[in-house]
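To keep things clear, I will list the structure first and then write my remarks on it.
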Number of protein chains: 2
Amino acid sequence: MDQHSPARMEDVAQVAGVSAITVSRVIHHPDKVADATRERVLKAIETTGYVPNRVAGSLASNQTRIIGALVPTVTNSIFADTIDGLTDELGAQGYQLLLGATGYSLAEETRLINAILAQRPAGIVVTGLQHEPAAESLLRAAGIPVVETWNVDGQPIDMTVGFSNFNACHAMVERLVARGARCIGYVGAPTLANDRAAQRVAGYRAAVAKLGLEASDSLVFEGKFSFAAGAGRLRDLLATRPDVDAVFFGNDILALGALFECQRQGIRVPADLAIAGFDDVELAASVAPALTTVRIHRYEIGRQAARMILERLRGDTTTPDLTDLGFEIIERETTPAGRAD
Amino acid sequence: MDQHSPARMEDVAQVAGVSAITVSRVIHHPDKVADATRERVLKAIETTGYVPNRVAGSLASNQTRIIGALVPTVTNSIFADTIDGLTDELGAQGYQLLLGATGYSLAEETRLINAILAQRPAGIVVTGLQHEPAAESLLRAAGIPVVETWNVDGQPIDMTVGFSNFNACHAMVERLVARGARCIGYVGAPTLANDRAAQRVAGYRAAVAKLGLEASDSLVFEGKFSFAAGAGRLRDLLATRPDVDAVFFGNDILALGALFECQRQGIRVPADLAIAGFDDVELAASVAPALTTVRIHRYEIGRQAARMILERLRGDTTTPDLTDLGFEIIERETTPAGRAD
DNA sequence: AAGCGCGATGTTAGCGCTTTCAACATTATA
DNA sequence: TATAATGTTGAAAGCGCTAACATCGCGCTT
């Protein structure tokens, strides 16, 4: 008892006067053990302070209850919601989350995929559809359910859950034009190693071109994920192109930073300049004027990704390989009001 | 090669014409293998697409490269920063994060501690100093480094990294009074199963009492972590106690929600009402008027927690068991300006 | 009363790796 | 040249658990 290596199943078995396999049964198939025996074993587990060793169990059974997940960064509240969706669903089913942050680096992603796969997870969730070829083959060869999230525009490895960044931005530009915008600037996240951001600008460019508006590089900027960057890029844009009447931001943080900058500079929103964001963070609705944005279902992405993996593991073959959670244009006060329709 | 179970170390060994142990050496102690042999093995790893099986490795060596971490919720951007600090430091050292979210439930925390311990992590990080007795004994019996975070006011199990929530709130109240406040309300997060929140109100109460100000329950409210709750509790407080001249919020989200509410209601800040928050989120500095708040080092908490565990694992005995990262009062525009001092 | 089925428990083998110890070849030392 | 030291590789054992099969005893059928 006082030996300082933790109790093993064998120790519990000895205390309960049974064999190890019976202890294993009490833990995994309690109904296959007689009531009296089960009680005795449970008591022995308690007195020995036994905590099952899943690494041994996983090796023997050749399966873990771990799901790997890779996000660019956790600090970006956007992915935090997805992670919460993941842990909520996974936790309820007795699975656990092995988390990695790539820092928007594809090379780091590959490295982390390798490290996670070494733990032989039951499934893995990654962000986006863009990966190094090495990462893709690693994922394919792993022989486990793989879910790519946050983007449905592309060739999935296995399963996908998310929405069309392209369509969402396209739709927002159309709405902006319907509300009177004629010269629309765009400020988005860096597109390097970020297919979601790339699809977003692409959607903007396509819509602008389709609607016969000016589609110039002088209208497009990139900014890091911060309020300060939103303010800075707005200043840059206004300096080059004072004729813009609307700016569409690739995420709400940039948009809100720009909105605050407008307030500081006395630019009236939306009278002088319309502003639209993307993500619909809580702040978007709480700020004054409230931000027009695109609502996406961040928490549900995580939740659904977990569900798809779990169903696949259960042998459920009816699960679709692609779940498009869609998006909604939320018009609030930073864009001109349209007639009720 | 086409057999669909993944390649084992033995398979690699065969391809390279060596024994399994040599493959193991190439992976873990490359310098203990002759150059030519190493090259041959590396090539064999490549051609077989071998990904080491760490669950087998962990069982054999009786050690994992996994660190467990428990936070109340990831969505709260506050903990997201800590998680990023953790993954950054851990990732750099070849360790991985097994993450759980307790949802502010102590029972759930105990359940998750058990599940995480079953994976035999090399160390574990938990939030706060308050746990169920069962959780505490589990943690003590595990025989691994344990770090409790976000609070240093209490009895640690092993190591601690954070700051004094009590002192921080005490200091802010003192500052508020120095700036002219005479009737200070307090709105904080629910204190149930949240020792950090409990210490914060306690700090407020102690300071108010010490300074001879009114310390009435009618001045104290609890609100969930949302802008809407901040606005709502402010309305409640003002309805009961229209005489308050300052409100101190237990976190920035509540404070900012209240600030927006003031803007909507035409309450001038800080002329009519001073507002102070806690956490110093990015938005606090970006909003107008910028929010007076308490800066704490959320990312560093994670970073430092990881470091402490890693150093302990390395056998470094010089690491202190307690790291107080402190706090800073950041005076901005939502409180009356003091004379330069 | 023999045989069958079934529930409850145990025995054996082995998951893929690392640890420990041994073996051998090569070089340095006396 | 003998011996020790060093470098390189391998063989055997076992980590703690579970899968698969084996065994036992009991009540039931016919």
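All values below come from the heavy atoms of this structure, side chains included, with hydrogens, waters and symmetry mates left out. In what follows, every chain begins at residue 1, and chains take the letters A, B, ... in the order their sequences are listed.
- As judged by a 4.0 angstrom heavy-atom cut-off over every strand, B:N53 is placed among residues touching the sugar-phosphate backbone only.
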So which protein N/O to nucleotides 19-21 of chain D N/O distances come out below 3.5 Å?
none

With 3.5 Å as the limit, what N/O pairs link the protein to nucleotides 4-7 of chain D?
none

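- Between B:Y50 and C:dG16 there is no side-chain polar atom (N or O) within less than 4.0 angstrom of OP1 or OP2.
- Residue B:V55 is classed as having no contact, given no heavy-atom separation below 4.0 Å to the nucleic acid.
- With a 4.5 Å cut-off on side-chain heavy atoms, B:T48 and B:E46 do not count as touching.
- Legend: ring pair (Phe, Tyr, Trp, His ring centres under 6.0 Å) pairs involving residues 83-129 of chain B, not counting sequence neighbours: none detected.
- Applying the salt bridge (Lys or Arg N to Asp or Glu O under 4.0 Å) rule to pairs touching residues 55-65 of chain A yields nothing, sequence neighbours excluded.
- Closest-nucleotide positions on DNA chain D for B:L59 and B:T22 were compared, and the one nearer the 5' end corresponds to B:T22.
- Checked options B:D84, B:V71, B:T149; the residue passing with B:F79 is B:V71 (criterion: side-chain contact (heavy atoms from CB on, under 4.5 Å)).
- In this structure, A:S24 reaches the D:dT18 phosphate: one of its side-chain N or O atoms is under 4.0 Å from OP1 or OP2.
- Judged by distance alone, the side chains of B:T102 and B:E109 never bring a donor and an acceptor atom under 3.5 Å apart.
- Between the side chains of A:T160 and A:E148, no donor-acceptor pair is found at a separation under 3.5 Å.
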Give every pair of a protein N or O atom and an N or O atom of nucleotides 23-28 of chain D that lie under 3.5 Å apart, one pair per line with the distance.
none

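- Under 4.0 angstrom from either OP1 or OP2 of D:dT9 there lies at least one side-chain N or O belonging to B:T37.
- When the C1' atoms of four end pairs are superposed on the next four at each end of the helix from C:dA1-D:dT30 to C:dA30-D:dT1, using five pairs per end, the two resulting axes differ in direction by 40°, to 10°.
- Each of C:dC17, C:dT18, D:dG16 was ranked by its minimum atom distance to the side chain of B:R8; first place goes to C:dC17.
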